[in-house]
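The structure under discussion appears below in the form of structure tokens.
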Amino acid sequence: MPEPLPVPVKIERIQEHDEAALLSMTRNFPEALLDAKLDSSNALMARAIHCQKTGQQYPGPIVLCNQRPDLAGLPLRAGPDCHLDKQQAEALHVLSLKLRANLARATPVGTNDPRLNAEDLRRELGSDRDQWLKPEAIPVLLQMLQGEGAPARKELIEVLALMNDKRAARALAVRAMVDFSPEVRRTAVQRLLDQKRPVEEYRDLLIAGLRYPWLPVQQHAAEALVALADKGATSQLVELLDEPPPTVPFGTGDKQNALLRREVVRVNHLMNCLLCHPPSFSAKDLVRGAIPTPNKAVGSAAGSYAGAEHFVRADVTYLRQDFSVFQPVARPFKDWPSHQRYDYLVRIRRATPTEAREAEKKKDDVRGPVLFALRKLTGKDLGPESAKWRGGIERSLKTPVPSQAPDRPAAGDDWNQFKMIRNGAAPNAVGPEQ
């Protein structure tokens with residue numbers, strides 16, 4: 001007998017937000033800009049040229065952190081952690097060029113709408129289907145498609161769903177939390193169910209989403225856990241009740257016990273090339289891209305090397321986004337597009353005195369999305385206290401619920417940065433309060 005068709009998943013929403021509403025919220029996030037202090041890009045380029053001439057290792061933008069508190073709390077990576085190995089770099093180089101060509105053919109010409117045509121994109125990816133169903137294609141697909149319109153992002157979900165791979169399942173779990181379209185998130189959850197992959201392969205990411213310092217991501221993570229009927233997450237949800245809400249300032253734990261605060265910030269993709277990648281001085285470098293020049297058209301230079309003066313290499317990445325969207329720019333440079341890509345990630349900074357006072361008031365705040373998931377998964381409502389949940393759940397299960405420490409990121413995981421969002425000291429020095 002043929003297998004029965006999967007039952008369409010129904011997502012029970014904590015709060016209804018359409019894509020436009022979420023986009024509007026993110027425009028209010030503070031912006032991290034490399035050249036907020038004049039000539040920072042030039043300083044990094046000069047440092048890179050000096051290192052190139054003297055044979056020294058270029059350290060990247062982390063050298064600015066002592067003078068730039070606004071950059072110090074960014075999750076900047078250094079050393080081997082930010083370098084792809086030769087095989088990974090070669091795969092990224094080949095696949096990024098192929099996908100760029102696919103996207104060019106799927107982009108309407110002679111219209112005012114620069115967004116990808118989803119049907120054309122499906123045809124382009126289908127023409128070389130085997131190439132795009134390999135795990136090494138996942139970073140390229142995510143990087144280049146996650147900022148496109150909802151139809152194109154839904155095609156991204158469908159491609160990921162065709163891969164029988166843990167890495168693809170984890171990518172679907174992240175899209176189920178960070179995508180702005182309710183339908184795209186629902187499709188990501190549906191495909192996770194269709195894949196029938198063990199939820200243990202990606203549960204840690206959904207738990208990490210409940211620690212994200214933006215409420216919609218927390219809500220989407222809770223909604224996904226409920227839709228997936230992941231009762232195995234219950235004990236970790238109970239542990240989350242003992243943590244303060246992600247947006248509440250937290251202590252460093254040192255002698256000063258300064259209060260820090262996590263916040264989501266946005267980074268203009270076109271204007272911060274040297275914040276994310278090192279300069280490239282050789283046409284032989286892999287994954288090479290042109291740095292756009294203010295008041296010069298970015299279309300040809302960004303897609304090729306015509307007229308470009310400086311370049312970066314993307315086989316080294318100092319800063320990785322959690323999600324990306326295209327948004328209007330109030331005053332774009334001449335010949336630059338009116339809508340540009342913004343990358344979003346979490347920055348840690350010192351809390352202001354006002355925020356510190358507010359932290360005292362919010363110590364007893366309940367964890368709304370966590371409680372939503374607990375109530376739906378267990379059919380119980382035991383209030384906001386973790387002790388009551390532990391006792392109530394242990395009596396209803398065959399085996400006791402263990403107390404679990406937060407998951408630690410595994411070496412080489414694509415979403416280590418996303419999983420590191422928890423209360424604790426910042427990896428880099430954090431500057432004075434803003």
Quick one: pull up [atom1] in [X] and [atom2] in [Y] and give me the separation to the nearest 0.5 Å.
| X | Y | atom1 | atom2 | result |
| --- | --- | --- | --- | --- |
| Leu377 | Thr234 | CG | OG1 | 5.5 Å |
| Arg320 | Leu74 | CZ | CG | 15.0 Å |
| Glu16 | Gln219 | CD | CD | 10.0 Å |
| Arg170 | Asp165 | CZ | CG | 11.0 Å |
| Thr107 | Leu103 | OG1 | CG | 6.0 Å |

Under a 4.0 Å threshold between the charged nitrogen and the carboxylate oxygen, would [Y] count as salt-bridged to [X]?
| X | Y | value |
| --- | --- | --- |
| Asp315 | Arg313 | yes |
| Glu223 | Arg13 | yes |
| Glu200 | Arg203 | yes |
| Arg123 | Glu119 | no |
| Glu201 | Lys166 | no |
| Arg390 | Glu239 | yes |

Locate the shortest heavy-atom distance separating [X] from [Y]; write the atom from each residue and the value.
| X | Y | value |
| --- | --- | --- |
| Thr26 | Leu23 | OG1-O, 2.8 Å |
| Asp285 | His93 | O-CE1, 4.5 Å |
| His277 | Tyr318 | C-CE1, 3.6 Å |
| Gly251 | Leu259 | N-CD2, 3.7 Å |
| Ala373 | Val226 | CA-CG2, 3.8 Å |
| Ala150 | Val184 | O-CG2, 3.7 Å |

Going by salt bridge (Lys or Arg N to Asp or Glu O under 4.0 Å), name the residues that satisfy it together with Asp179, two or more places apart in sequence or in a different chain.
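Result, salt bridge (Lys or Arg N to Asp or Glu O under 4.0 Å) vs Asp179: Arg153, Arg175.
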Can you sort out the partners of Glu12 under salt bridge (Lys or Arg N to Asp or Glu O under 4.0 Å), two or more places apart, ordered by chain and number?
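Expected list: Lys376.
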If we check side chain to side chain donor-acceptor pair (under 3.5 Å) with Lys86, which of these qualifies: Glu90, Gln88, His83?
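Filter result, single survivor: Glu90.
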Quick one: does [X]'s side chain have a donor or acceptor within less than 3.5 Å of a partner on [Y]'s backbone?
| X | Y | value |
| --- | --- | --- |
| Gln146 | Leu142 | yes |
| Thr187 | Glu183 | yes |
| Gln190 | Val9 | yes |
| Arg77 | Thr317 | yes |
| Arg349 | Asp70 | no |
| Glu355 | Thr352 | yes |
| Glu148 | Leu145 | no |
| Trp389 | Gly383 | yes |
| His220 | Pro216 | yes |

Any pair counted as ring pair (Phe, Tyr, Trp, His ring centres under 6.0 Å), so long as it reaches residues 178-201, sequence neighbours left out
Phe180-Trp214, Phe180-Phe323
Given the ring of Phe29, does Arg266 sit roughly above its face, with NZ or CZ under 6.0 Å from the centre of the six-membered ring and within 45° of the axis?
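No, cation not above the ring by the 6.0 Å, 45° rule.
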Only counting residues at least two apart or in another chain, list the ones meeting side chain to side chain contact (heavy atoms under 4.5 Å, CB included) with Leu34.
Ser40, Ser41, Leu44, Leu64, Leu71, Asn272, Leu274, Leu275
Can you name the side chain to side chain donor-acceptor pair (under 3.5 Å) partners of Asn102, sequence neighbours left out?
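Side chain to side chain donor-acceptor pair (under 3.5 Å) list for Asn102, sorted by chain: Glu124.
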Can you tell me if Gln340 and Asn268 form a side-chain donor-acceptor pair at under 3.5 Å?
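Result is yes, a qualifying pair exists.
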Can you label the angle between the Tyr212 ring and the Phe418 ring as parallel, tilted or perpendicular, going by 30° and 60°?
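Because their plane-to-plane angle is under 30°, the rings of Tyr212 and Phe418 count as parallel.
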Set of residues satisfying ring-ring contact (aromatic ring centres under 6.0 Å, His included) with respect to Trp336, sequence neighbours excluded:
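Trp336 satisfies ring-ring contact (aromatic ring centres under 6.0 Å, His included) with Phe333 only.
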